[in-house]
Amino acid sequence: MADEKKLIPTTRLLLMAAVAGGFAGAIAVYATNMWSGNTAPAGAPQPQLSASAPVEDSADNAACAAKADKSKGAAAAAVGEVAAMMPADPPRSVSSLAFTSPDGKPMTLGDHAGKTLLVNLWATWCAPCRAEMPALNALQKEKGGENFEVLAVNVDTGDNEKPKKFLSEIGVDQLGLYRDNTLGLFNTLKTQGLALGLPVTLLVDGEGCLLAHMNGPAEWASPDAKRLVEAAIGN
């Protein structure tokens, strides 16, 4: 009888460990193997972008860290359809995040200094990404200008043909085709604890400081999203 009493807790612990291990494994598979079926064609040109976390200037990070109130203010405006947007803790510089411009030239978020940015990482094989592209397009059409831009970065591997064709087919005409076909940008955000899967969205101020971030899709053409953008621009 004494042995049976010892065996029951041990069995329960083993089962709990197995469940926990399976859950952790599922997350790892989602975050790291979501690219299967989207292999770059042999010989496809690849921009030379680093997959490691960028080294930000310490002064830039210090300046961004001082914007905790601004970050909290933006997050407080994230309600309803965009309630998943979380404040950066602490705000940090992301100005060196790298990708390519619509004309194929290497660039960073720092090249958009002076504009509040809604940076969205997407792929043609990501169903939630595909679903929210028209809303992002509508948000850019209404709010885009000197002070704000929806900067949607496609992370399909291979050349531009597939994402370009997709945007044309669904009538997205306000968003530039920014690209990173190396997955370096996604892996950098993953390393920093900002990306679990796609889509992932960053709210960045005009000085390249990350104010808030979210994983998963949102209704970006909604009044809630527009109020969030207005709050971020106004702060």
Could you check whether any side-chain heavy atom of T108 comes within less than 4.5 Å of a side-chain heavy atom of D111, counting everything from C-beta outward? yes
With distance as the sole test, does Q174 use its side chain to make a donor-acceptor pair with the main-chain N or O of N137 at under 3.5 Å? no
When the side chains of residues 138-150 are checked against the rest of the protein, which donor-acceptor pairs come out under 3.5 Å, sequence neighbours left out?
{"residue": "Q140", "atom": "OE1", "partner": "V150", "partner atom": "N", "Å": "2.8"}
{"residue": "E142", "atom": "OE1", "partner": "K226", "partner atom": "NZ", "Å": "2.8"}
{"residue": "K143", "atom": "NZ", "partner": "E230", "partner atom": "OE2", "Å": "2.4"}
{"residue": "E149", "atom": "OE1", "partner": "H112", "partner atom": "ND1", "Å": "3.4"}
{"residue": "E149", "atom": "OE1", "partner": "K115", "partner atom": "NZ", "Å": "3.4"}
{"residue": "E149", "atom": "OE2", "partner": "Y178", "partner atom": "OH", "Å": "3.0"}

Please assess L194 against R92 for the test side chain to side chain contact (heavy atoms under 4.5 Å, CB included), listing each intermediate value before the final yes or no. CA-CA 12 Å; L194 298 173; R92 71 197 79 167; 4.1 Å; yes
The criterion is side-chain hydrogen bond (donor to acceptor under 3.5 Å, both in side chains); which residues satisfy it with E219, sequence neighbours excluded? none
Basic-acidic side-chain contact under 4.0 Å: R227, D224: yes
Given side chains that start at C-beta, do those of P128 and P199 come closer than 4.5 Å, heavy atoms only? yes
Might you point out which heavy atoms bring E81 and S222 nearest each other, and give the distance in Å? CB-OG, 3.5 Å
Check whether any side-chain heavy atom of L151 sits under 4.5 Å from a side-chain heavy atom of L109, and report yes or no. yes
Are L121 and M86 connected, step by step, through hydrophobic side chains (Ile, Leu, Val, Met, Phe, Trp, Tyr) whose heavy atoms are closer than 4.5 Å? no
With a 3.5 Å distance limit and no angle check, can you tell me whether T191 reaches the backbone of N187 through a side-chain donor-acceptor pair? yes
Quick one: list whatever passes side-chain contact (heavy atoms from CB on, under 4.5 Å) with P163, sequence neighbours left out. W122, T124, N154, L177, R179
Linking I/L/V/M/F/W/Y whenever their side-chain heavy atoms sit closer than 4.5 Å, directly or via other members, would L183 and L202 fall into one cluster? yes
Taking every non-hydrogen atom, the tightest pair across V155 and A123: CG2-CB, 4.1 Å
Enter the distance from N160:CG to N181:CG here, rounded to the nearest 0.5 Å. 7.5 Å
Where do H213 and P87 come nearest, in terms of heavy atoms and distance? NE2-O, 4.0 Å
Non-neighbouring partners of S101 that pass side-chain contact (heavy atoms from CB on, under 4.5 Å), sequence neighbours left out: D103, K105, M107
What disulfide (SG to SG under 2.5 Å) pairs are there with at least one residue in residues 155-202, not counting sequence neighbours? none
How far does CE of M133 sit from CD1 of I170, to the nearest 0.5 angstrom? 6.0 Å
In this structure, would L211 and W220 fall into the same cluster of hydrophobic residues linked by side-chain contacts under 4.5 Å? no
Could you check whether any side-chain N or O of N61 sits under 3.5 Å from a backbone N or O of S93, counting only pairs where one atom can act as donor and the other as acceptor? yes
Closest heavy-atom pair and its distance - A232, K70: O-CE, 4.3 Å
Working for side chain to side chain donor-acceptor pair (under 3.5 Å), residues N120 and T201: CA-CA 4 Å; N120 179 273; T201 305; 3.0 Å; yes
Tell me, do V94 and L189 make a side-chain contact under 4.5 Å, heavy atoms counted? no
Min side-chain heavy-atom separation L118-L136 under 4.5 Å: yes
Could you give me the CA-CA distance, side-chain angles and deciding distance for L175 and L167, then say whether side chain to side chain contact (heavy atoms under 4.5 Å, CB included) is met? CA-CA 9 Å; L175 303 178; L167 294 180; 5.6 Å; no
Output the distance between atom CD (E161) and atom CG (D156), rounded to the nearest 0.5 Å. 12.0 Å
Here the pair of heavy atoms bringing A231 nearest to A77 is CB-CB, 3.7 Å
Reported CZ-to-CG distance for the pair F186 and L198, which is rounded to 0.5 angstrom: 5.5 Å
Considering residues at least two apart in sequence or located in another chain, which fulfil the side-chain contact (heavy atoms from CB on, under 4.5 Å) criterion with A212? M85, L203
Which atom of A218 lies closest to which atom of E132, heavy atoms considered: N-OE1, 3.0 Å
